[in-house]
Enquirer: 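Structure incoming, see below.
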Amino acid sequence: MPTVVTRFAPSPTGYLHVGGARTALFNWLLAKHTGGKFLLRIEDTDLARSTEDAVRQLLEDLKWLGLNWDNAELVYQSKRLDVYNRIIDKMLGEGKAYEAWETNAELDVLKEAATRAKRAYRYVKPNYTPEQIEKYKDEGRTPVIRFAMPVKEYKFRDVALDKDVTISPYEVQDFVIRKTDGMPTYHFGVVVDDAEMGVTHVLRGFEHLLNTMNHIALQEALGYERPIYAHVSTMLNPENGEKLSKRDRDRRIRKRVQDWMRNNKKTAQDLSAATGVTADRLASWIATDTMQLDLTEQPKIMAVVGLKETDLPEIMIHDFRKNGYTPEVLLNFLALQGWSPGGDLEQMTINEMIEKFSIDRLVSNNPKFNREKLKSFSTDWFGKAPMDRQLAAIKDWLSVNPNSMLNKASDAELTHILKMNAGFHVLSELDEKNRFFFVADEAIEYDAKTVDKVLKKDDGQGLKVLGEVRAHLTEVADWTAGKLEASLEDFVRSSGLVLGKVAQPLRVAVSGSSVSPPIFETLAFLGKDRTLKRIDRCLKVTA
RNA sequence: GCCCCCAUCGUCUAGUGGCCCAGGACUAUCGGUUCUCAGCCGAUCAACAGGGGUUCGACUCCCCUUGGGGGUACCA
């Protein structure tokens with residue numbers, strides 16, 4: 001049996017999308033499972049959208065996921081124009097392709113006419129007279145090259161769907177293979193490059209199902225072998241049942257903005273004043289579902305309406321990384337979106353996934369992306385992962401979250417944080433819950449509601465306890481979690497209180513809020529001096 | 001409009017004609033553990049879209065209806 005060769009062929013438009021990552025994963029798993037090769041090719045034929053920066057971001061995400069590719073030299077389609085042109089010239093000579101002179105505007109008119117007549121539009125090759133062609137040239141037109149696609153029924157076996165897919169001759173049309181800017185179209189580049197790279201299996205998104213007809217027609221015309229095709233399901237947004245899209249993040253913000261305006265009787269002008277984004281731009285953004293703000297505008301608006309980064313749905317792999325997921329968790333979860341190993345097995349290591357993967361267990365249903373379950377996988381994973389792996393994970397997280405207070409922590413402190421917060425879901429949660437350790441003692445902000453509830457209620461019962469326990473704590477010589485626990489239990493016994501009545505005032509005093517890691521560990525981590533300092537300041541500030 | 005694909009608990013899925021009055025996971029609900037938030041432990045709720053066939057027997061095979069998704073570019 002020949003070696004399996006798969007590939008991932010994204011077009012570089014920025015950070016990697018989850019959908020793309022899943023496609024890459026399936027191709028990678030198939031290659032690993034069979035001992036084959038997984039190749040990476042950059043489809044940068046859309047000059048308007050492809051940038052070097054986008055390629056950089058794409059590779060960064062792929063590397064972060066650990067989906068390493070086997071071709072030492074990356075294949076860029078934009079660098080292979082001579083290859084494509086040689087083949088196109090030959091096709092032209094053999095009458096398998098031809099020049100077409102219509103402008104986009106002219107084609108649009110034809111399409112509209114077809115729509116009005118309730119017919120499907122289909123390109124028909126015009127019979128240009130020599131005079132017409134002369135005229136077009138004089139106008140400065142450049143022709144596209146179209147493939148003269150033989151009119152017949154096309155059929156291929158889809159191994160994911162496990163059925164034959166066909167199109168009738170009626171749907172065949174001469175599609176463009178070279179654009180006026182001289183670049184090949186997607187269809188042409190894919191077919192030529194897959195053949196030249198020896199790709200044996202094409203696993204790609206379902207939206208390519210009909211494209212495959214064009215591709216097999218081209219393969220026949222060019223004498224290429226046909227690879228095995230598998231089209232995988234589309235991951236859906238659980239909120240609207242549509243394809244997961246970058247726009248979903250804007251939608252979440254937009255909804256919040258609308259609520260904010262309604263509840264606070266605010267207008268786009270108010271928001272403009274608060275953010276510096278022009279009112280016109282905001283107004284049209286609020287009114288249109290499809291419009292997207294740019295990455296500098298988003299945070300400003302989110303700050304005003306009270307949204308955090310972690311409130312937005314993650315769409316790009318980079319979003320998941322920034323919110324504190326690990327590649328292991330993400331890959332495991334992604335594999336289950338459109339594939340199942342069978343039986344009750346869900347949580348797997350990468351190696352288990354490689355071992356179990358097979359095309360015929362691909363699921364054809366379109367899954368709705370369930371972030372709750374992903375989060376639960378993450379919790380479980382951190383509960384089992386070795387500490388050195390967790391430490392590496394949090395350091396990676398900090399590298400993409402330079403503003404986090406936890407950047408001040410040493411490796412030993414990070415390890416300590418990881419341990420005393422056992423049971424956390426994702427790394428970003430650690431930042432929220434532990435940042436107070438790294439804030440200056442005199443900068444702790446006390447949440448008013450919490451102070452009322454824990455310290456001032458019942459005639460300042462909490463404050464009274466805080467004063468007493470402070471005195472008790474000065475006596476503790478060996479400031480460790482164990483000794484603190486013993487000492488505080490001692491205090492609880494002698495004062496006739498329950499631990500909660502002591503722990504909560506302490507917690508508020510040192511953290512400013514009613515949430516922190518376990519109290520003994522928290523105090524131990526903080527150290528005696530800083531603990532007492534914070535208690536004193538709390539007594540003073542809140543009294 | 002036309003073409004294609006899909007259809008089991010709210011969600012992801014197991015199930016390849018009798019093993020299924022349908023199993024697991026997430027969520028939800030209830031209880032337990034606990035110094036907070038989590039977590040953890042135990043229990044409970046919850047599905048074969050509808051209608052026709054085929055068969056001794058259909059969640060499983062076929063057809064129709066309905067519902068959902070996708071495609072219909074000089075974007076990939």
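Residue numbering restarts at 1 for every chain, and letters A, B, ... go by the order of the sequence lines.
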Enquirer: Hey, could you give me each pair passing salt bridge (Lys or Arg N to Asp or Glu O under 4.0 Å) that has a residue in residues 234-247 of chain A? Not counting sequence neighbours.
Expert: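 As it turns out, the salt bridge (Lys or Arg N to Asp or Glu O under 4.0 Å) pairs with a partner in residues 234-247 of chain A, which skip direct neighbours, are A:Glu239-A:Arg252.
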Enquirer: Test: ring pair (Phe, Tyr, Trp, His ring centres under 6.0 Å). Region: residues 482-501 of chain A. Which pairs qualify, not counting sequence neighbours?
Expert: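 For residues 482-501 of chain A: A:His472-A:Phe491.
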Enquirer: Quick one: what's the B/S/- string for nucleotides 64-76 of chain B, heavy-atom cutoff under 4.0 Å, read 5' to 3'?
Expert: -----BSS-SBBB
Enquirer: For A:Asp46, enumerate each residue passing the side-chain hydrogen bond (donor to acceptor under 3.5 Å, both in side chains) test, keeping only those at least two apart in sequence or located in another chain.
Expert: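 Here the qualifying residues are A:Arg49.
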Enquirer: Tell me every residue that passes ring pair (Phe, Tyr, Trp, His ring centres under 6.0 Å) with A:Phe147, counting only those two or more places apart in sequence or in another chain.
Expert: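 Partners of A:Phe147 by the ring pair (Phe, Tyr, Trp, His ring centres under 6.0 Å) criterion, ordered by chain and then number, come out as A:Phe175.
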Enquirer: What does A:Val363 touch in the nucleic acid at a heavy-atom separation under 4.0 angstrom: a base, only the sugar-phosphate, or nothing?
Expert: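 Sugar-phosphate contact only.
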Enquirer: Check side-chain hydrogen bond (donor to acceptor under 3.5 Å, both in side chains) between A:Ser358 and all other residues, then give those that pass, not counting sequence neighbours.
Expert: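 A:Ser358: side-chain hydrogen bond (donor to acceptor under 3.5 Å, both in side chains) contacts with A:Asp360.
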Enquirer: Looking at residues at least two apart in the chain, or sitting in another chain, which of them share a side-chain hydrogen bond (donor to acceptor under 3.5 Å, both in side chains) with A:Gln77?
Expert: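 Counting only residues at least two positions away or on another chain, A:Gln77 forms a side-chain hydrogen bond (donor to acceptor under 3.5 Å, both in side chains) with A:Glu43, A:Asp193.
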Enquirer: When we call it a touch if two heavy atoms are under 4.0 Å apart, what does A:Gly182 touch: a base, just sugar-phosphate, or nothing?
Expert: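 Nothing, no nucleic acid heavy atom in range.
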Enquirer: Whole Å only: how far is the CZ atom of A:Arg116 from the C1' atom of B:C2?
Expert: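 Atom CZ in A:Arg116 sits about 17 Å away from atom C1' in B:C2.
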Enquirer: Check whether any side-chain nitrogen or oxygen of A:Arg361 sits under 4.0 Å from OP1 or OP2 of B:G15, and answer yes or no.
Expert: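 Result: yes.
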Enquirer: Paired with B:C48 by Watson-Crick or G-U wobble geometry, both distances under 3.5 Å: which nucleotide is it?
Expert: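 In the structure as shown, B:C48 has no Watson-Crick or wobble partner.
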Enquirer: If you look at every strand shown and take non-hydrogen atoms under 4.0 Å, does A:Arg371 touch a base, only sugar-phosphate, or nothing?
Expert: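 Touches nothing.
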Enquirer: Examine A:Phe357 together with A:Trp339 and report whether their ring centres are nearer than 6.0 Å.
Expert: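 Yes: the rings meet the under 6.0 Å criterion.
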Enquirer: Across the strands shown, which category fits A:Lys163 at heavy-atom distances under 4.0 angstrom: base, sugar-phosphate, nothing?
Expert: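 Counting heavy atoms under 4.0 Å across all strands, the contact made by A:Lys163 is with sugar-phosphate only.
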Enquirer: Between protein and nucleotides 31-39 of chain B, map the contacts as a letter string: B base, S sugar-phosphate only, - none, heavy atoms under 4.0 Å, written 5' to 3'.
Expert: ----BBBBS
Enquirer: The criterion is side-chain hydrogen bond (donor to acceptor under 3.5 Å, both in side chains); which residues satisfy it with A:Lys433, sequence neighbours excluded?
Expert: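 Here no residue qualifies.
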